[in-house]
Amino acid sequence: MTADPKSDFLSQVTARGQFHQCTDLEALDKQAASGVTGYIGFDMTAPSLHVGSLTQIMMLRRLQQAGGKPIVLLGGGTTRVGDPSGKEEMRQMLTEEQISANAASIRTVFEKFLSFGNGKSDAIMIDNAEWLLKLNYIDFLRDVGRHMSVNRMLSMDSVKLRLEREQPMSFIEFNYMVLQAYDFVELHRRYGCRLQMGGSDQWGNIVNGVELGRRMDQAELFGLTQPLITTASGAKMGKTAQGAVWLNAGMLSSYDYWQYWRNTEDADVGRFLRIFTDLSLEEIARLEALQGAEINDAKKVLATEATAMLHGREDALKAEEAARVTFEQGARSENLPTFSITQDELAQGLRVAAAFVRAELVASNGEAKRQIAQKSLRVNDTLVSEESATLTATDIVDGAIKLSLGKKKHALLKLS
């Protein structure tokens with residue numbers, strides 16, 4: 001970026017480390033000063049988005065906070081094709097029923113971060129199935145396809161890398177970038193949308209949409225990307241050894257979500273506070289300057305603020321208190337994730353491995369056995385040393401059985 005932007009939107013995006021590339025920064029800055037309508041697309045490939053998508057959601061939030069109008073574009077149509085970007089093989093094709101169920105589940109997350117309604121800067125949610133499923137193939141080739149350069153499409157990383165590695169790319173995947181470009185045209189025609197945003201890996205797709213709008217409608221459209229977020233150690237955002245960090249509460253508890261942020265690497269604390277919270281830049285600078293053990297205080301603030309945004313302030317404070325009681329006092333907490341067991345199971349002797357699977361601390365009995373061998377599992381703070389160990393009613397203490405994986409992952413089993 002060659003000059004400091006003047007609009008509130010681009011100023012915040014820049015100051016919070018969310019700027020990577022823009023098709024015409026000066027023109028977009030002028031447009032954003034009076035409010036611009038912008039969108040990001042989300043395909044419906046799973047019942048929940050994971051925390052890796054939060055960078056995009058926060059970009060929409062920054063737009064709304066600055067007086068712009070965010071559009072959440074659900075990919076009910078494009079999910080039927082599959083985005084090849086960053087993929088080494090074709091996505092699994094989902095049924096219409098799976099896509100509809102995923103969309104219904106995912107919709108609820110956006111309401112935690114954006115204000116929806118009919119006002120000038122209120123967010124709206126659209127499904128591209130609304131126009132993509134009605135397209136006539138021959139008409140689409142004639143009206144849209146003639147503006148798309150195959151030479152350019154072949155030069156894009158999402159295509160070029162697959163071809164260089166001799167990994168197959170289907171014709172349907174190749175068409176994805178055409179459909180995404182056409183989405184931008186339709187959103188401009190229907191809602192006056194002039195900005196498409198996304199991660200830096202979407203730059204080629206976004207530029208295609210900007211160009212298609214110019215060729216088809218002589219429209220001045222803009223593209224804006226932000227850096228792909230990885231941790232300081234190079235790990236991909238949203239993935240842990242235990243699996244994806246889901247945004248839907250039914251797939252990951254507020255306690256586990258809080259713990260994910262609490263475990264942020266030291267070098268990432270300031271950056272993540274800027275991107276994933278609404279704290280002032282002055283307060284973030286103060287927290288970022290903490291040294292030694294005090295950096296843990298900044299991590300707790302990050303965890304609580306990020307969790308409050310998704311799960312609500314009350315649940316975030318409960319998660320923080322549960323962590324404090326569990327880790328700082330070595331005690332139990334009613335706010336730990338809780339799972340049910342029956343009296344009959346305990347009477348028969350419930351295998352410890354199965355109990356840890358039930359509590360979602362491990363993915364399988366085999367993983368539980370490996371963790372036992374590594375001396376990582378505890379029941380009521382007592383190390384589990386035998387693979388054949390079982391739980392009985394005598395293990396219930398204060399109404400529950402406490403299960404622990406390492407020092408930071410805990411759950412309770414209670415009689416149902």
Side-chain angles (χ1 to χ4, degrees), residues 5-16 18-19 22 24-25 27-44 49 53-77 103-131 183-198 206 209-210 213 217 219-226 247-249 274-281 305-306 308-314 316:
K6 297 179 174 58
S7 64
D8 288 344
F9 171 55
L10 287 176
S11 294
Q12 279 295 307
V13 165
T14 304
R16 291 181 178 271
Q18 292 174 278
F19 179 89
C22 181
D24 188 337
L25 180 60
L28 175 59
D29 196 28
K30 291 179 181 178
Q31 182 67 38
S34 58
V36 64
T37 299
Y39 89 96
I40 297 178
F42 300 86
D43 280 348
M44 312 286 100
L49 299 174
S53 298
L54 194 54
T55 57
Q56 311 303 322
I57 298 174
M58 291 303 294
M59 189 73 107
L60 292 172
R61 184 178 175 89
R62 302 293 177 221
L63 180 67
Q64 186 168 54
Q65 289 171 335
K69 188 177 187 67
I71 296 178
V72 176
L73 183 67
L74 299 181
S105 178
I106 285 171
R107 285 174 184 269
T108 59
V109 169
F110 294 100
E111 296 169 358
K112 309 289 180 63
F113 296 89
L114 302 170
S115 174
F116 288 84
N118 299 316
K120 181 181 177 181
S121 62
D122 283 339
I124 56 176
M125 191 176 297
I126 311 297
D127 190 330
N128 62 16
E130 185 177 327
W131 53 82
D183 280 344
F184 201 173
V185 172
E186 280 290 336
L187 288 172
H188 175 255
R189 289 174 176 176
R190 295 173 183 232
Y191 304 101
C193 180
R194 299 185 64 186
L195 172 65
Q196 181 182 176
M197 298 173 286
I206 291 173
V210 171
D217 295 345
E220 185 183 27
L221 305 181
F222 304 99
L224 175 66
T225 62
Q226 61 180 318
L247 298 182
N248 281 56
R274 283 188 286 275
I275 296 174
F276 299 111
T277 80
D278 284 340
L279 291 176
S280 70
L281 294 172
E305 292 301 314
M309 201 173 290
L310 179 63
H311 291 275
R313 181 69 57 179
E314 183 179 354

Student: Would you say Val36 and Leu63 make side-chain contact, with heavy atoms under 4.5 Å?
Tutor: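 Val36 vs Leu63: side chains touch.
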Student: Verify whether one side chain among Gln65 and Asp278 offers a donor that lies under 3.5 Å from an acceptor in the other.
Tutor: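 Result is yes, a qualifying pair exists.
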Student: Among residues at least two apart in sequence or on other chains, which ones pass side chain to side chain contact (heavy atoms under 4.5 Å, CB included) with Ala103?
Tutor: Met44
Student: Evaluate Ile124 against Lys69 for side chain to side chain contact (heavy atoms under 4.5 Å, CB included), listing each step before the verdict.
Tutor: CA-CA 8 Å; Ile124 56 176; Lys69 188 177 187 67; 4.2 Å; yes
Student: Is the distance between the ring centroids of Phe110 and Phe42 under 6.0 Å?
Tutor: yes
Student: Can you find a pair of side-chain heavy atoms, one from Thr55 and one from Gln18, that are under 4.5 Å apart?
Tutor: no
Student: Do Asp29 and Phe9 have side chains that approach each other closer than 4.5 Å (heavy atoms only, starting at C-beta)?
Tutor: no
Student: Output, in order, the C-alpha distance, side-chain angles, deciding distance and verdict of side chain to side chain contact (heavy atoms under 4.5 Å, CB included) for Leu224 and Met59.
Tutor: CA-CA 10 Å; Leu224 175 66; Met59 189 73 107; 4.3 Å; yes
Student: Please check if the side chain of Asn128 supplies one atom and the backbone of Gly76 the other of a donor-acceptor pair under 3.5 Å.
Tutor: yes
Student: Okay, side chain of Thr225, backbone of Gly198: is any donor-acceptor separation there less than 3.5 Å?
Tutor: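 Flag not set: sc Thr225 to bb Gly198 has no pair under 3.5 Å.
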Student: Side chain to side chain contact (heavy atoms under 4.5 Å, CB included) for Gln196 and Val210? Distances and angles first, verdict last.
Tutor: CA-CA 8 Å; Gln196 181 182 176; Val210 171; over 6 Å; no
Student: What I'd like to find out is whether the side chain of Glu130 reaches to under 4.5 Å of the side chain of Arg190, using heavy atoms alone.
Tutor: yes
Student: So do Thr37 and Arg194 actually touch side chain to side chain, heavy atoms under 4.5 Å?
Tutor: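 Result no, sub-4.5 Å side-chain heavy-atom pair not found.
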Student: Are Arg16 and Met58 close enough that some pair of their side-chain heavy atoms sits under 4.5 Å apart?
Tutor: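 Side-chain contact under 4.5 Å: no.
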Student: Looking at side-chain heavy atoms only, is the closest gap between Leu10 and Leu25 below 4.5 Å?
Tutor: yes
Student: Check whether any side-chain heavy atom of Val185 lies under 4.5 Å from a side-chain heavy atom of Trp131, and answer yes or no.
Tutor: no
Student: Nearest heavy-atom pair of Pro70 and Gln64: which atoms, and what distance?
Tutor: CG-CB, 3.6 Å
Student: Test your reading of the model: is there a side-chain donor-acceptor pair from Arg61 to the backbone of Phe113, 3.5 Å cut-off?
Tutor: yes
Student: Taking all atoms of both residues into account, what is the closest heavy-atom pair of Ile275 and Arg62, and its distance?
Tutor: O-NH2, 3.1 Å
